[in-house]
Amino acid sequence: MTAATTMPTTIPATAAKAGTVETTYREALREAIREAMQKDDRVFLMGEDVGMYGGCFAVSLGLLEEFGPERIRDTPLSESGFVGAGIGAAIAGMRPIVEIMTVNFSLLALDQILNNAATLLHMSGGQVHVPLVIRMTTGAGRQLAAQHSHSFEGWYAHIPGIKVVAPATLEDARGMLWTALQDPDPVLLFEHGSLYNMSGTLAEDAGPVDIQRAVVRRPGRDLTLVSYGGSLPKTLAAAESLAADGIEAEVLDLRVLRPLDDETITDSVRRTHRAVIVDEGWRSGGLSAEISARLTEQCFYDLDSPVERVCSAEVPMPYAKHLEDAALPQPETIAAAGRKVVG
Amino acid sequence: MTAATTMPTTIPATAAKAGTVETTYREALREAIREAMQKDDRVFLMGEDVGMYGGCFAVSLGLLEEFGPERIRDTPLSESGFVGAGIGAAIAGMRPIVEIMTVNFSLLALDQILNNAATLLHMSGGQVHVPLVIRMTTGAGRQLAAQHSHSFEGWYAHIPGIKVVAPATLEDARGMLWTALQDPDPVLLFEHGSLYNMSGTLAEDAGPVDIQRAVVRRPGRDLTLVSYGGSLPKTLAAAESLAADGIEAEVLDLRVLRPLDDETITDSVRRTHRAVIVDEGWRSGGLSAEISARLTEQCFYDLDSPVERVCSAEVPMPYAKHLEDAALPQPETIAAAGRKVVG
Amino acid sequence: MSRRPAAVTNRSQAQAPSPTATLDESASRDRSHHVSLLREMTRIRLFEERCVELYSSGNIRGFLHVAIGEEAVAVGVMQTLTAEDAVVSTYREHGHALARGVPMDTVMAEMYGKVTGCSRGRGGSMHLFDVGRRFYGGNAIVGGGLPLAIGLALADKMQGRPAVTACFFGDGAFAEGEFHECVNLAALWRLPVLFACENNFYAMGTAIARAQAQTDLALRAASYGIASWAVDGMDVLAVEEASRKAVDRIRNGGGPCFLELRTYRFRAHSMYDPDRYRDKAEIARWKERDPLELLARRLSDDGTLTPGDRENMTVQVNAEVDQAVQAAEAAPFEPVEDLTRFVYSEPVEEVAR
Amino acid sequence: MSRRPAAVTNRSQAQAPSPTATLDESASRDRSHHVSLLREMTRIRLFEERCVELYSSGNIRGFLHVAIGEEAVAVGVMQTLTAEDAVVSTYREHGHALARGVPMDTVMAEMYGKVTGCSRGRGGSMHLFDVGRRFYGGNAIVGGGLPLAIGLALADKMQGRPAVTACFFGDGAFAEGEFHECVNLAALWRLPVLFACENNFYAMGTAIARAQAQTDLALRAASYGIASWAVDGMDVLAVEEASRKAVDRIRNGGGPCFLELRTYRFRAHSMYDPDRYRDKAEIARWKERDPLELLARRLSDDGTLTPGDRENMTVQVNAEVDQAVQAAEAAPFEPVEDLTRFVYSEPVEEVAR
Ligand SMILES: Cc1ncc(C[n+]2csc(CCOP(=O)(O)OP(=O)(O)O)c2C)c(N)n1
Ligand SMILES: Cc1ncc(C[n+]2csc(CCOP(=O)(O)OP(=O)(O)O)c2C)c(N)n1
Ligand SMILES: [Mg+2]
Ligand SMILES: [Mg+2]
């Protein structure tokens, strides 16, 4: 395992011991890249418009000036080519961070991700390691319509040979990258587009976090709300509204979508006996299905009611705001599902 | 809905009324293509080596001679290009059958399938219909190793806007294509590589079958084995071995992976109270997870034991036969899971 | 008025048809035609300027990419297409849609996400569709429209229709693998496709020289064995002339053609883009070749258009834009119950097909 | 012996280096070197002929693609690479692996699926790996190795290593979008990549003229702005000469080069292929240019090799093949409990890294 195994699970900012700084999810991601570039000269960032433009969502703004065009490497529009180049570079000793602007475009590189990155170690009989990190923006909520709003992180979590992480907090935005870079295998890191502007305080000395465990973001005894990424804030809001009704929901943040941290999930559900899974991905065959199936397999006799799922409507995302809102999990729909399993 | 809605569910060959012919899965697929080409001059077949070579698995052998190079259209190695061309041709009034040699290569065309074929109708507000059929070979069992052995049909079933079918019998190999071609939306048809040589009898007048319903391939009262495609023969074999132990398994053939026929599945499980899902896809986040989740949602209180899954090991498929065998669902592992849920 | 033949550089390996033989001189000689070109470009310009305002005021959301400065490309090419021809476009497609004849009020309603929009409000700025006018969108995957376009052309060809499919895409899309696959397929099968490459020298913040090893795109395209020209994309007459030559050739069975339409976007890539990567002087230089002003100057020089005429045209077009905005504001949203419609085709439509 | 410069056609747009300046004349003048070339080609030929037998007898399974007839390409190119250079190959890669120095017994054991195989039996014929020799597989997605290759080259370049990455791929792969993306990237970033295109004129059953609108692949590659040559791929000396020129150029910072190595497979695409699509006469014509016989004839003409020498060589190589088969048959399979190993890296390896 990686050095990260011994690292503590991420903790809420409020518990930070050292001094704190005001920051945003975007800045925390940028700090993580900067630190990795400083600490390890094998690390470089490659992708469309990461340099001169400053990153399509401004994550890498300023890094070109700091590290130069070799290490903050703008690419042409050639997703398969440059993702594959990241794989090759990882094999030959570099520690590339490849950025794909939006998860939809990653489909153009999926052959490389699945048939090469995820597969080379196995089909070479253990010889070819691919220590690559791929970052992408995921998710809806900004009226970007059907070709810019997908949530495929759960779909990617189907693939053996890769790891999938989804930071939902400032700590994880700051800390997951370094740990992912230490991992000898490909790690896909999904940044939810609606979180970039999320602000808050972060410990001044915030650093690497584990990429193995789910965590409880809000304790509760009556039911478990399983969530991650862009759905976490909505799920916490739903928990508040349930609390107003006297229902105490425990909120889990999966953090790592592959491999799933079964232990933390089942621990919680064995206590609460009820679960709702919140996933912005489509419902059928999504990550929510896997968690539901595992709960059946692992704590069938602990469940007091059927596991519920709150997912995106199974539609390509519409542009119009009222339709997009209706298509996505919302605090109200999450809370309603919570009431249903408790009730 | 399509004309197919009123068609009867496919029935076992033994019940055929008219004269019968000896045939194979491969020949049945070929006959289906031939008939479609004869009946509708908007139909054409396009893909790598479908013509001069005779089809990489000889499905289209002889069709070039019969229909000429315009309608049996060999393409260069350009999966994204020619799958997208099939989408465009479907939009403009043709009824293309696009063949992708093997499901692994379809990843190169996934952007076109997901971002265009599955999405155009919705994002055009209902204007752009894509009556396209894409055929591909899926599955392992022939020692083709990690880049030619995947089962992604369940993964494709995650995508709204497309339909996914998987013929497991001669009747379905013969009858699904025509119905798929009548569908106004994209249909993906998955042929399991291990079935091509399957032989048997087929009604002389075998024709179109529905692409909506799952069917019971073997009735039973003690548990339900849910299966499809290349796993069906293995599942039927497992049912025989369970029968030898006095356990009567009902075997379902899903036939259609999207949209799933919930009714037939839950009908069976409500009777048997126990279920094992057999799916050659990887387990985590696969189709088996979705069925398990739905069983929880739809018949939680009917279940006498947790739903089990028998899937492929979560590895890129190894070449060596003993490892490949160990990686795949087998009659023994299916039967063992059956005993477990009954026991 | 000069014909500016120098603006069209023949990059074809194949022998190009003689310009005199294939160019429709009469059309471009027609003064009223020139005025209509200016009006079309003005419609696009004022529509998009209004969109920028409406974006700032929050009436339009999502991504908004305007083509201000590039109007001559859309208008010039569209002149050469018939109603039977097909168009495939990009996410920077308001101009293509308007020039193709998609009514301005349906386009504006789409920007507002209203059910009266040309995509019922589901598409927004990046996904304008009008199948009745064979306008097949509006694709926000860079290069994603290219395979569709060759498929449309294939179907037209197989069904014996004399239609041409014009596919617009940018210099950035040229780097995508799909471009390579599609140009080869079109050339191999001699499909009736016009590859209309809008080279505005940037893909978001990436200048072409930082994305392409060989920046002469017309030369590159010619290597596939197709006729290929580089064109001054700021000169609507040059665009029309080149496009007519290409479309005639295609329609006459000459196989696909490639036009590199050299143009420039005067504004940032999208409303999110602070445009840090371009030199102000470069932008200013290109603005001197504003396609509207270039044409207007000619029309005023040759006496076709008085300052008053121009003023009138602006007033009329602004009225059209006002009307489109009012209609969009007044229009209803789609009922939220209809969210899951159009994932699959509906029975009633099936019957009608 | 003639140098056959006519076999190398310069397609580069860039200025080509003068042949006399960059070719290593001494190596090809060396007779013993020529004999070793023949031996290497013979090793590949006899290894693959044995594989065909072993396939028929069921000892080898899965897909088997032999390169019989194409040996000069693998052997010629490998002469020009050092141990520090990297190689990326295809599913038709026995010859590349053997010529690169991957021991024959590990390759044969891999065909048998044994744990002593160069990929522990997990890869089989299509996935031979030997990272110690910088032989990075064995890729069965057509074109799938190209992005890897440019990435390897990028890493070498960024780390200041003087290595060159040679990437083999076929005429069929040329049509894939990844080819386009990768050649452009390599050219743009001046990466040390040798694009070694094995043009055997067919992709499975599809003749090149039915797949490529422009069949002159070297010309097409040159359009990306890289040095590009078409080479007689049946003449191992011509291949070596061209490859040396290209590799020298690449190593000296000249950017990527493209070689179109014109060759032919004497047998069907795979063991499943009934080869219905090729003319018997065409095959016979190419067999007259069998690369082994071409070289052997020269060596016999210039007195380097007697018939006895040739016979001896065959006996020795056959003994090597026999030995490899025996070792493979005797070797164990991997324990089935190890099935799920190598999906993720193992801790012990992590420590060693
Ligand atoms: C496949 C894909 N990759 C990246 C993007 C993000 N993106 C949107 S527009 C654009 C630049 C495209 O440039 P170009 O093709 O020149 O068109 P222009 O915007 O200049 O009109 C990029 C990178 C995308 N939409 N699709
Ligand atoms: C992406 C992809 N598409 C299709 C195939 C099936 N296939 C295997 S080899 C081959 C022909 C490749 O031809 P070429 O590149 O010329 O190599 P050659 O076999 O002639 O050496 C095809 C179509 C594949 N393996 N990968
Ligand atoms: Mg551009
Ligand atoms: Mg070939």
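So that the names make sense, note that chain A is the first sequence line, chain B the second, and so on, each numbered from 1. Values reported hereafter were calculated over all heavy atoms of this structure, with side chains retained and with hydrogens, waters and symmetry mates removed.
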(Q) Hydrogens and angles aside, do N199(C) and E260(C) bring a side-chain donor and acceptor to less than 3.5 Å of each other? (A) yes
Q) Checking heavy atoms, do the side chain of A326(A), its backbone, both or neither come under 4.5 Å from chain C? A) both
Q. Where do Y91(C) and S270(C) land on the side chain to side chain donor-acceptor pair (under 3.5 Å) test, with the steps shown first?
A. CA-CA 10 Å; Y91(C) 46 86; S270(C) 74; over 6 Å; no
Q. So which part of N139(C) gets closer than 4.5 Å to some heavy atom of chain A, the side chain, the backbone, both or neither?
A. both
Q: Taking atom types as modelled, find out whether E70(C) and N200(C) have a side-chain donor-acceptor pair closer than 3.5 angstrom.
A: yes
Q.
Check this for me, if you would: do R122(C) and E110(C) make a salt bridge, where the nitrogen-to-carboxylate-oxygen distance has to be below 4.0 angstrom?
A. no
**Q.** Closest-packed option against chain A by number of heavy-atom pairs under 4.5 Å, given L339(C), V343(C), T206(C)
**A.** L339(C)
Q: Show your working on ring pair (Phe, Tyr, Trp, His ring centres under 6.0 Å) between F333(C) and Y112(C) and close with a plain yes or no.
A: CA-CA 9 Å; F333(C) 285 110; Y112(C) 270 76; 8.7 Å; no
Q. Does any heavy atom of chain A fall under 4.5 Å from the side chain of D273(C), the backbone, both, or neither of them?
A. both
**Q.** Max heavy-atom pair count under 4.5 Å with chain A, selected residue of S119(C), P274(C), G123(C), P335(C)
**A.** G123(C)
Q: Kindly state whether the ring of F135(C) and the ring of F129(C) have centres lying under 6.0 angstrom apart.
A: no
Q. Do the charged groups of R50(C) and E48(C) touch, with an N to O distance under 4.0 Å?
A. no
Q) What part of L64(A) lies closer than 4.5 angstrom to a heavy atom of chain C: side chain, backbone, both or neither? A) neither
Q: Flag the one option from I141(C), V142(C), D275(C) with the top tally of heavy-atom pairs under 4.5 Å to chain A.
A: I141(C)
Q) Can you tell me if H192(A) and E280(A) form a side-chain donor-acceptor pair at under 3.5 Å? A) yes
Q.
Which one wins on heavy-atom pair count under 4.5 Å against chain C: K321(A), E79(A), M317(A)?
A. E79(A)
Q. With a 4.5 angstrom heavy-atom cut-off, which part of S78(A) approaches chain C: side chain, backbone, both or neither?
A. both
Q) Quick one: of A327(A), P318(A), P316(A), A313(A), who has the most non-hydrogen atom pairs under 4.5 Å with chain C? A) P318(A)
**Q.** Proximal component of I60(C), with respect to chain A [non-hydrogen, under 4.5 Å]
**A.** both
Q: May I ask you to decide whether D279(A) forms a salt bridge with R309(A), counting only side-chain N to carboxylate O separations under 4.0 Å?
A: no
Q: May I have the step-by-step check of side chain to side chain donor-acceptor pair (under 3.5 Å) for H150(A) and T138(A), ending in yes or no?
A: CA-CA 6 Å; H150(A) 286 118; T138(A) 188; over 6 Å; no
Q: Please determine, among G117(C), A140(C), A207(C), G143(C), the option with the most heavy-atom pairs under 4.5 Å with chain A.
A: A140(C)
Q. Quick one: what part of E324(A) sits under 4.5 Å from any heavy atom of chain C, side chain, backbone, both or neither?
A. neither
Q: Could you tell me which portion of H148(A) (side chain, backbone, both or neither) has an atom closer than 4.5 angstrom to a non-hydrogen atom of chain C?
A: side chain
Q. Without hydrogens or angle criteria, can the side chains of Y196(A) and T137(A) be said to hold a donor-acceptor pair below 3.5 Å?
A. yes
Q: Output all residues satisfying ring-ring contact (aromatic ring centres under 6.0 Å, His included) with Y277(C), sequence neighbours left out; order by chain, then residue number.
A: Y53(A), Y202(C)
Q: Against chain C, label L107(A) side chain, backbone, both or neither, depending on which of its atoms sit under 4.5 Å from a heavy atom there.
A: neither
Q. Counting distance only, does the side-chain N/O of D171(C) pair as donor-acceptor with the main-chain N or O of I208(C) below 3.5 Å?
A. no
**Q.** For chain A, the option from K114(C), R341(C), E334(C), Q212(C) that forms the most heavy-atom pairs under 4.5 Å
**A.** E334(C)
(Q) Counting only non-hydrogen atoms closer than 4.5 Å, does M204(C) touch chain A with its backbone (N, CA, C, O), its side chain (CB onward), both, or neither? (A) both
Q. Among residues 175-183 of chain C, which ones touch chain A with a heavy-atom distance under 4.5 Å?
A. A175(C), E176(C), E178(C)
Q: In sequence, state the C-alpha distance, the side-chain angles, and the governing distance for F174(C) and F169(C), and then conclude on ring pair (Phe, Tyr, Trp, His ring centres under 6.0 Å).
A: CA-CA 8 Å; F174(C) 198 105; F169(C) 58 99; 7.1 Å; no
